[in-house]
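Throughout, protein chains are lettered first and strands after them, A, B, ... in sequence-line order, and every chain is numbered starting at 1.
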Amino acid sequence: MELTAFELLSALFILVLAAFVGYEVVSKVPTMLHTPLMSGANAVHGVIVVGAMLVAATSEGPVRIALALIGVILGTINVVGGFVVTDRMLEMFKKRPGER
Amino acid sequence: MDELNIWQIATFFVWLVGSVTFILALKFLASPKTARTGNLLGAGGMAVVIAWTFLTYDLASPESEPGMLSNWWIILVGGVIGAVAGTLGARRVPMTAMPQMVAIFNGAGGGAAAVVAIAEFLEFADHGEGLLPLPFVIASLLGAVIGGVALTGSVVAFGKLQGIVTARPYMLPGQQLITGALFLTMLLIGVYVAGFENSIPLFLVFCAIALVAGVVLTMPIGGADMPVVVSLLNSYTGIAVAASGFVLSNYALLIAGTLVGASGAILTQLMTKAMNRSLFNVLFAGFGTAGGAAAAGEEGEEQLRETNAEDVAVLMAYGKRVIIVPGYGMAVAQAQGPVRELMDLLVAKGVDVQFAIHPVAGRMPGHMNVLLAEANVPYDRLKEMDEINDDFADTDVALVIGANDVVNPSAREEGSPISGMPILNVDAAQNIVVLKRGRGTGFAGIPNPLFSNEKTAMLFGDAKPSIEALVQGVKQA
């Protein structure tokens with residue numbers, strides 16, 4: 001947690017640029033793929049499981065260990081469930097061979 | 001500037017690779033052809049980031065002994081439980097219940113973000129001397145409040161979509177006042193915790209209020225608007241994750257969270273635009289409370305022309321062009337399979353069959369596309385509203401399956417709650433057949449003059465048996 005001013009400013013730059021990328025990328029997605037998009041984006045923020053892992057790594061004492069465990073469980077549900085359910089949706093969009 | 005060891009430098013590159021795959025996952029969703037590859041790519045990138053963190057954490061932190069991440073058992077136990085629960089949920093859920101599932105996964109992510117923010121604050125508030133740096137405390141507070149709201153808000157959204165919690169907008173007496181008071185209290189506590197004393201008990205009170213706020217904010221929103229809410233909460237979770245990434249100085253979290261925060265926000269905006277309503281109207285208007293009772297009274301007086309499956313089947317089988325307009329009624333009845341059979345039979349008879357998909361048909365944008373794709377309807381037969389609206393005029397039969405508000409012509413006139421919402425021009429077709437479960441009004445509780453149109457014939461009953469009867473009819477025609 002030794003944030004330097006440089007790190008702080010870099011993080012701010014990344015934040016702003018990533019927001020623009022998100023905006024641009026999503027603007028090009030057709031309506032019919034909006035449900036998978038919501039689900040896919042949902043899976044991407046499952047990366048929070050990495051944060052929960054970092055908490056777990058430095059955990060001492062029952063409270064923080066319990067929090068870390070809850071965080072890892074919830075984060076894993078988000079990331080695994082998110083990608084699997086998105087894949088299930090997208091699987092249906094494949095064209096069958098020989099279809100008109 | 002501190003020297004970075006080789007593992008720390010490598011970690012930055014792994015974050016970079018992960019971030020690029022996340023962006024590509026969203027970018028590839030621009031076409032159905034590449035969408036699945038994109039999702040797998042994103043999942044792959046995610047797996048690499050997670051595995052790397054697990055295997056190299058201690059190498060990358062200079063103060064600890066090299067080796068595997070300490071407390072690795074927490075991660076294994078939690079990971080296995082989460083993976084099993086997530087996979088089972090994702091595999092077992094029927095396609096119609098997709099919106100709920102996304103809501104619950106989103107709630108899990110929001111909860112995880114809140115937990116991370118809380119744990120980090122506890123850690124440093126315990127050991128710290130003097131006040132913690134302001135950016136750190138602000139990011140922790142943001143992660144906790146946004147994650148907390150996303151968690152309980154998603155749970156309420158799940159309950160509403162699943163029918164456990166009333167889908168009707170539920171307003172507390174003095175709703176605005178309560179919401180205002182909750183946020184003012186959080187603001188005051190936040191300022192105190194950040195600026196005056198890093199108090200752990202107050203921080204926890206702050207988190208508890210955030211959980212309550214998530215419920216209070218979501219309850220007044222009607223079930224029909226839940227998809228918009230899920231999308232918004234998805235965006236919130238993204239922001240909470242970004243805040244956690246800031247707290248942990250982890251760029252993978254920062255980038256992925258911001259990406260989702262921004263994309264969720266624009267998606268929410270696209271959805272409200274399709275309904276021609278503002279986000280403010282969706283969140284605070286208690287849409288669907290007023291119209292319901294009055295509308296039900298009027299409907300009874302209208303003369304509706306009833307028809308039977310045989311007549312409709314003949315009408316379609318000898319028509320040149322049929323446009324099918326699916327709605328939520330098709331989803332609840334799980335009628336997509338029979339609909340596809342109907343399409344195949346009509347196509348075999350030389351009828352041009354298209355599907356007209358309104359942007360907000362069903363409970364989520366693209367909901368109908370997913371269901372019809374599940375039933376193997378080729379996606380080039382699915383037309384978006386702007387693409388097909390001019391074709392209704394030379395269409396023999398428009399078959400409306402359990403859709404209501406998206407084909408309601410009163411949207412074109414002033415004074416209706418849905419005034420200005422773009423609709424499908426179903427009323428331009430030569431013949432209109434409406435499949436409807438009962439005589440009640442639609443989800444928004446607004447009377448629909450399309451049903452009393454002289455070109456309209458009503459086929460009452462659950463969509464699935466109705467469509468099956470049509471299939472039989474077309475076979476004999």
Who wins among [options] for the most heavy-atom pairs under 4.5 Å with chain A?
options	value
I266(B), N39(B), I23(B), V115(B)	N39(B)
I50(B), I104(B), V241(B), N234(B)	N234(B)
L151(B), T21(B), L259(B)	L259(B)
G147(B), A43(B), A256(B), A262(B)	A43(B)
G257(B), G89(B), A85(B), G42(B)	G42(B)
G78(B), G86(B), A252(B), G109(B)	G78(B)

Heavy-atom contact with chain A under 4.5 Å, split by part of [X]:
X	result
L270(B)	side chain
V93(B)	both
F28(B)	neither
L40(B)	side chain
E374(B)	both
S235(B)	neither
N106(B)	both
L248(B)	side chain

Interatomic distance, I74(B) atom CD1 to I73(A) atom CD1 [nearest 0.5 angstrom]:
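Going from CD1 on I74(B) over to CD1 on I73(A), the span is 10.5 Å.
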
In terms of heavy-atom pairs under 4.5 Å, which option from [options] contacts chain B the most?
options	value
I70(A), L17(A), I65(A)	I65(A)
I77(A), V72(A), V80(A)	I77(A)
N42(A), V44(A), V63(A), L15(A)	N42(A)
L67(A), V29(A), V25(A), V47(A)	V47(A)

Closest heavy-atom contact between [X] and [Y]?
X	Y	value
A139(B)	A243(B)	O-CB, 3.6 Å
A90(B)	M101(B)	N-CE, 4.3 Å
G143(B)	A240(B)	O-CB, 3.9 Å
V370(B)	P36(A)	CG2-CD, 4.2 Å
V49(B)	G18(B)	CG2-CA, 3.8 Å
A113(B)	S244(B)	O-OG, 3.4 Å

Keeping to residues at least two apart or across chains, list the salt bridge (charged side-chain N to carboxylate O under 4.0 Å, His left out) pairs with something in residues 67-77 of chain A.
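For residues 67-77 of chain A, and leaving out neighbouring residues, there are no salt bridge (charged side-chain N to carboxylate O under 4.0 Å, His left out) pairs at all.
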
Is a side-chain donor or acceptor of R64(A) paired with a backbone partner of A119(B) at a separation under 3.5 angstrom?
yes

What part of [X] gets closer than 4.5 Å to chain B, counting heavy atoms only: side chain, backbone, both or neither?
X	answer
V16(A)	neither
V84(A)	both
V21(A)	both
A68(A)	both

Under 30°, 30 to 60°, or over 60°: which ring-plane class applies to F124(B) and F136(B), parallel, tilted or perpendicular?
perpendicular

I want to check something: taking the side chain as every heavy atom from C-beta on, are F246(B) and P135(B) in contact at a cut-off of under 4.5 Å?
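Of all side-chain heavy-atom pairs linking P135(B) with F246(B), at least one is under 4.5 Å.
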
Pairwise side-chain contact, I14(A) with I255(B), heavy-atom cut-off 4.5 Å (strictly under):
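A side-chain contact under 4.5 Å exists here.
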
Which residue pairs pass the side-chain hydrogen bond (donor to acceptor under 3.5 Å, both in side chains) test when at least one of the two sits in residues 65-89 of chain A, sequence neighbours left out?
S39(A)-T86(A), H45(A)-N78(A), D87(A)-R36(B)

